[in-house]
Amino acid sequence: FIESFDNQGLELKNLFGFFYAKVKTKGHYFGFLPIRDKTLIFPNGEFKGIWSSEELKFASKQGYEITVIKGYQFNKVKNVFKEYINDLYDLKKKSEGSLKYISKSLLNNLLGRFGINIFKPITEIVDQNKKDYISATREIISTDFIDNSNFIITYKPIISKKICDQHNLDYQKILEKEYKNNLERNIHIFENTSIAIPAMVNAYARIFMNEIKLKILSKGYKVYYTDTDSLIIDKKAVNKNWISKEMGKFKLQYEVTEAYMISNKTYYLLLNNGKTIIKTKGAINNSIKLKDFLNMYWNNENISASKKNTIINYEKGSVELETKKITLYADAYKKRIKIYNKEGIWINTKPLVIKD
């Protein structure tokens, strides 16, 4: 841990890690440093927060005024997972079916595995009295009825002061009681996690995507949408060197004539070749049609869709599948502010979807 006690702050170029800093932006079209305010935002103006040193360096190059106050300095090691990633990526390219799915899953879940909560949730079968005690002292993840006297419950092992207070229980006495019974001391934890790894990799991903966006905007082209690993842009803006089957390159996913995007993972695409792509988060894709997207987009109407649902019966030891009706909401997309032209649509209606 290092800290500055003067107005100059720490020397950013010598840092590698995560640091608390004061920031003043330069009014760019989009922001380079995220902060969490209910959702993740990239603001303009003056604000404070904690970021990776690498994102701070990138923002500084774009003209941000940055004063680093304090933080944690890490040793920098390169290519820790290079062989693991290369082997699985090569296996994924050569495989089909379940083997391809498994290799893809191992690749996608690597970072998330390092970012999980160190405290393992506990799942056990309990009677009514123990269920009530756990509910009054800890955060419950799920609970299901088995029979008249038993329940299967999954909960976080750490005693919660907030939940104890809600049930008028003395938090200190609960701690003392459980310490004497060795409950708190026997909590199982994940010992092979490191939040710094996924945090830094995600920071590098944002830097990579921001560099691409800046190149596109510098040529006067448009970026309609961007995520951790994807872009929706003008067809004209594509650099041929970006598109490849090599790792770290984009793949051309769709060339689009018309698109209606209601929320993340709920959209309708009409492709240049006449084919349509329908994706609906939480619903069966073919349960809604173009007219439904038009009603959601233009008329702000909620629509009905179908969803596969599983019903678990612990008493019988069975799982049943059913199809039920759900509602897709026209205003479901709340994570970003939508921007329209005067006609209420994109200026260019022929975007290109590319994905890393």
In this structure, would I207 and F30 fall into the same cluster of hydrophobic residues linked by side-chain contacts under 4.5 Å? yes
Tell me, do L231 and Y224 make a side-chain contact under 4.5 Å, heavy atoms counted? no
Taking I118 as the starting point, is it possible to reach I141 by hopping between hydrophobic residues whose side chains are less than 4.5 Å apart? no
Can you name the nearest heavy-atom pair linking V68 to A21, along with the distance? CA-CB, 3.9 Å
Is there a donor-acceptor pair under 3.5 Å between the side chain of N295 and the backbone N or O of E301? no
A quick test of your reading: do over 12 heavy atoms of other residues, nucleotides or ligands sit less than 6.0 Å from OH of Y329? no
Does N273 use its side chain to pair, donor to acceptor, with the backbone of K275 at less than 3.5 Å? yes
dist L111:CG -> S194:OG (nearest 0.5 Å) comes out at 11.0 Å
Could you measure the distance from the CG atom of L107 to the CG atom of L91? Nearest 0.5 Å is fine. 9.0 Å
Assigning hydrophobic clusters by single linkage (Ile, Leu, Val, Met, Phe, Trp, Tyr; side-chain heavy-atom cutoff under 4.5 Å), is L321 placed with I311? no
If hydrophobic clusters are built by linking Ile, Leu, Val, Met, Phe, Trp and Tyr wherever their side-chain heavy atoms come under 4.5 Å apart, do Y84 and M247 end up in the same one? yes
Heavy-atom closest pair, residues E54 and M200: CG-SD, 3.9 Å
Check: L290 and T276 side chains under 4.5 Å, non-hydrogen atoms: no
Looking at every heavy atom in both E178 and Y133, which two are closest together, and how far apart are they? OE2-OH, 2.6 Å
Answer yes or no: are there more than 12 heavy-atom neighbours, outside E322 itself, under 6.0 Å from its atom CD? yes
Would you say L15 and I2 make side-chain contact, with heavy atoms under 4.5 Å? yes
Counting only N and O atoms by type, is there a donor-acceptor contact under 3.5 Å from the side chain of D292 to the main-chain atoms of K289? yes
Hey, is CD on E83 packed in by over 12 heavy atoms from elsewhere, all under 6.0 Å? no
Short side-chain to backbone donor-acceptor contact, N150 and F145, under 3.5 Å: no
Plane angle bin for W242 and F250 - parallel if under 30°, tilted between 30 and 60°, otherwise perpendicular: tilted
Testing I158, I174, I163 for side-chain contact (heavy atoms from CB on, under 4.5 Å) with T137, which one passes? I174
Kindly check if the number of other-residue, nucleotide or ligand heavy atoms within 6.0 Å of CD (E96) is above 12? no
Pair V223-I212, side chain to side chain contact (heavy atoms under 4.5 Å, CB included): steps then yes or no: CA-CA 10 Å; V223 177; I212 296 292; over 6 Å; no
Name the residue from F293, Y297, Y267 that meets the ring pair (Phe, Tyr, Trp, His ring centres under 6.0 Å) definition with Y260. Y297
Do any N or O atoms from the side chain of N302 and from the backbone of A330 form a donor-acceptor pair under 3.5 angstrom? yes
Strictly by modelled atom types, are K308 and T323 linked by a side-chain donor-acceptor pair under 3.5 Å? yes
So, does E258 use its side chain to make a donor-acceptor pair with the main chain of N272 at under 3.5 Å? no
Identify the two heavy atoms, one from P43 and one from Y64, that lie closest to each other, and give their separation to 0.1 Å. O-OH, 4.5 Å
Greater than 12 external heavy atoms within 6.0 Å of F81's CZ: yes
Once you round to the nearest 0.5 Å, how far does CG of N300 lie from CD1 of I262? 9.0 Å
Is there side-chain contact between F74 and F18, with at least one heavy-atom pair below 4.5 Å? yes
Contact summary for L328 and M296, nearest pair of heavy atoms: O-SD, 4.1 Å
Identify whether Y29 and I35 are in the same connected component of the hydrophobic contact network (ILVMFWY, side-chain heavy atoms under 4.5 Å). yes
T143 and T154: side chain to side chain contact (heavy atoms under 4.5 Å, CB included), yes or no, with the steps? CA-CA 6 Å; T143 180; T154 300; over 6 Å; no
Given 3.5 Å as the limit, does a donor-acceptor pair link the side chain of N109 with the main chain of G112, or not? no
With the side chain counted from C-beta on, respond yes when V23 and F47 share a heavy-atom pair under 4.5 Å apart, and no when they do not. yes
Nearest-0.5 Å distance that lies between atom OG in S60 and atom CD1 in I66: 5.0 Å
How long is the span from the NZ atom in K279 to the CD1 atom in I288, to the nearest 0.5 Å? 12.0 Å
Lys/Arg-Asp/Glu bridge criterion (N-O < 4.0 Å) met for E211, R206: no
Nearest non-hydrogen partners of S160 and Y171, listed with the distance: C-CE1, 4.1 Å
Please check: side-chain N/O of N86 versus main-chain N/O of Y89, any donor-acceptor pairing under 3.5 Å? no
Between K291 and I303, does the side chain to side chain contact (heavy atoms under 4.5 Å, CB included) criterion hold? Intermediate values first, please. CA-CA 10 Å; K291 63 180 179 63; I303 60 104; over 6 Å; no
Report yes or no: does N79 contribute a side-chain atom to a donor-acceptor pair with the main-chain N or O of K82 at less than 3.5 Å? no
Sub-4.5 Å side-chain heavy-atom contact between I277 and Y254: yes
Output for pair (I146 CD1, N148 CG), nearest 0.5 Å, gives 11.5 Å
Counting the benzene-type ring for Trp, do F32 and F58 have ring centres under 6.0 Å apart? yes
Compare all side-chain heavy atoms of N7 with those of T67 and state whether any distance is below 4.5 angstrom. no
salt_bridge(E139, K162) N-O dist < 4.0 Å: no
What I want to check is whether the side chains of N285 and T280 have a donor and an acceptor closer together than 3.5 Å. yes
Under 6.0 Å between ring centres: does that hold for F1 and Y72? yes
Quick check on K213: does its NZ atom have over 12 non-hydrogen neighbours (other residues, nucleotides or ligands) under 6.0 Å away? yes
Do S306 and S287 have side-chain N/O donor and acceptor atoms under 3.5 Å apart? no
Please test Q62 against H28 for side chain to side chain contact (heavy atoms under 4.5 Å, CB included), starting from the C-alpha separation and ending with a verdict. CA-CA 9 Å; Q62 312 310 317; H28 289 78; 3.9 Å; yes
Is it the case that over 12 heavy atoms from other parts of the model lie below 6.0 angstrom from the NZ atom of K57? yes
Hey, does the side chain of T25 reach the backbone of G45 with a donor-acceptor pair shorter than 3.5 angstrom? yes
Before accepting this row, confirm whether a basic side-chain N of the pair K22/E46 lies closer than 4.0 Å to the acidic partner's carboxylate O. no
Will you find, in the side chains of E124 and Y155, an N or O donor that is under 3.5 Å from an N or O acceptor? yes
Regarding S149 and D127, do their side chains bring together a donor and an acceptor under 3.5 Å, going by distance alone? no
Within a strict 4.5 Å, meaning less than it, do heavy atoms of the K100 and K93 side chains meet? no
